[in-house]
**Student:** 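I'd like to ask you about the structure that follows.
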Protein chains: 2
Amino acid sequence: MTTPPRPDGYDPRAFEPFAVTVDLAVLTVRAGRLHVLLVQRGQEPYAGAWALPGGFVLPRESAGTAARRELAEETGLPEATVAGLHLEQLRTYTEPDRDPRMRVVSVAYTALVPDLPEPRGGGDAAEARWLPYDEVPALAFDHDVILADARTRVGAKLEYTCLATAFCPPEFTLGELREVYETVWGVPLDRPNFRRKVLTTPGFVEPVEGPPRRTGGRGKPAALYRAGEATALHPPLLRPEGRSA
Amino acid sequence: MTTPPRPDGYDPRAFEPFAVTVDLAVLTVRAGRLHVLLVQRGQEPYAGAWALPGGFVLPRESAGTAARRELAEETGLPEATVAGLHLEQLRTYTEPDRDPRMRVVSVAYTALVPDLPEPRGGGDAAEARWLPYDEVPALAFDHDVILADARTRVGAKLEYTCLATAFCPPEFTLGELREVYETVWGVPLDRPNFRRKVLTTPGFVEPVEGPPRRTGGRGKPAALYRAGEATALHPPLLRPEGRSA
DNA sequence: GCCTTTTATAGTCAAGATGACTCTTAAGGA
DNA sequence: TCCTTAAGAGTCATCTTGACTATAAAAGGC
């Protein structure tokens, strides 16, 4: 790192200050559709518009800490639950005019969560709600771009990581896991082939002991699995035809 | 995005300001070894220590623009060359105490470049130099972490993207391309298998017209190739045994 | 020139992984 | 009881890999 234009007698206030925020693209699969957690802004700019949850990074916290704090505030989830969630830095958005008030750079995070209860619009948000991904209206700031980037990233990561289990509850069936892939990728997968791939990948999932089985309504009851130790998928589970970018 | 603690009568100066910098992990393959572009700091903090090139983001530029500007300044490359380089946002580092002077968040970028001429230590750097990756001393700030993250990311991206060509000059032989993989991954690859994989992946490389062949010293002259249109590798070119993380 | 070394390029072959299917089992609902 | 739905077992051909062998074309030493 080099030094600022006039580094001698360094004075932080000599520079036009930047504000740093975090924005969260919190995704889940609910009823076979990809959903996003959105909040309705209570004040200007973009008052009344929907936006990704997020907020300012406090002076003594890291962006990751801020992200978890904001997520807990906006969803009303207990800290313990939020602490265990899969949170991943997506990208940082730095266009000079992305916020009309001042120079704000935003560190965006992606969170993959199981189907959670409806959020209570806490914090500064007028309202918080899960919206189906393809019914999301135009969002405040550059949040459309962030959300699109998050979706692309998640789709790609499903191919070569075990991340899909993050969308599932602690115990899940292979059918539920397959639904995650089908929903995020938007393509149907062959059931037996999917099953074979998941079960032969060491550490992807591990069976839950005992005879417990879950009947998901109709059909033969399915065995339950837990997420395994592995994080990467080798070889990967590639999407059918779509050559991903 | 929610609003700051006391958003009414918003005043940017009311918050302890953050500074925003960019840091660049510029990697190249030279003589079969991975090299990194480092600069020696001219002043405190960490005066005399080696660090990644980078610098402050100016008030009216994006981080990406700042990264290219700093890269041009520190390496002395013409703007046109820098404009064509593969620059990719790596991650943003936000630990509160990563800079002893003040709160600085840094957006890190990774650049993959062909074997470039020795840099002239321009800008604020006392000296700029290519250092072999495994001879890099302890770096200033958290740059060791950034550099390690960059290496991990690049290693992984070689598997499922066509990024390796970014390490090569405009025209290159398959031997040179293979050397990139072997150097970054640190494992030898089977020559015929590598060749088959690269040539059967549509759009990875395209042959250079005519009879031009390059003799790289000894051995049979090799045909020349150019980078193709493709960006992704489907299916990927996985590292031999190392199950990547 | 001749021989050795080095690297490119052409094949071969078996094992592994994948895609497309079929068939059976075990529930729920009409 | 019969039909529908989804789980789970298994088959088979094709595609991709990893491991190897063989040949071609240069440079260097003698």
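Fair warning: this is a prediction, and the values are worked out from it, not measured in the lab. Naming convention: chains lettered A, B, ... in sequence-line order (proteins, then strands); numbering from 1 in each chain.
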**Student:** For A:Leu199 and B:Lys197, find the nucleotide of DNA chain D closest to each by heavy atoms; which residue's nucleotide sits nearer the 5' end?
**Tutor:** A:Leu199
**Student:** Choosing from C:dT7, C:dT18, D:dG18, which nucleotide comes nearest the side chain of A:Pro235?
**Tutor:** C:dT18
**Student:** So if I take every side-chain heavy atom of B:Asp190 and compare against D:dA6, C:dA20, D:dA19, which nucleotide ends up nearest?
**Tutor:** D:dA19
**Student:** Taking the nucleotide of DNA chain C with the nearest heavy atom to each, does B:Asn193 or A:Leu237 sit closer to the 5' end?
**Tutor:** B:Asn193
**Student:** Go through D:dT17, D:dG8, C:dA27 for me and flag the one nearest to the A:Pro221 side chain.
**Tutor:** C:dA27
**Student:** Go through D:dG18, D:dA7, C:dT9 for me and flag the one nearest to the A:Ala222 side chain.
**Tutor:** D:dA7
**Student:** For B:Trp50 and B:Arg129, what are the C-alpha separation, side-chain angles and deciding distance, and is it a side-chain contact (heavy atoms from CB on, under 4.5 Å)?
**Tutor:** CA-CA 10 Å; B:Trp50 290 94; B:Arg129 193 187 294 173; 4.1 Å; yes
**Student:** Between B:His143 and B:Phe141, what is the ring plane arrangement, given parallel below 30°, perpendicular above 60°, and tilted in between?
**Tutor:** tilted
**Student:** Closest approach to the side chain of B:Lys220, judged atom by atom: which nucleotide of D:dT17, C:dT9, D:dA7 is it?
**Tutor:** C:dT9
**Student:** On DNA chain C, compare the nucleotides closest to B:Arg191 and A:Arg196; which residue's is nearer the 5' end?
**Tutor:** B:Arg191
**Student:** Are side-chain N/O atoms of A:Tyr93 and A:Asp23 paired as donor and acceptor at under 3.5 Å?
**Tutor:** no
**Student:** Please identify which of these residues, B:Asp134, B:Thr28, B:Thr183, meets the side-chain hydrogen bond (donor to acceptor under 3.5 Å, both in side chains) condition with B:Arg33.
**Tutor:** B:Asp134
**Student:** Given C:dT9, C:dG19, D:dG8, which nucleotide is nearest the side-chain atoms of A:Pro192?
**Tutor:** D:dG8
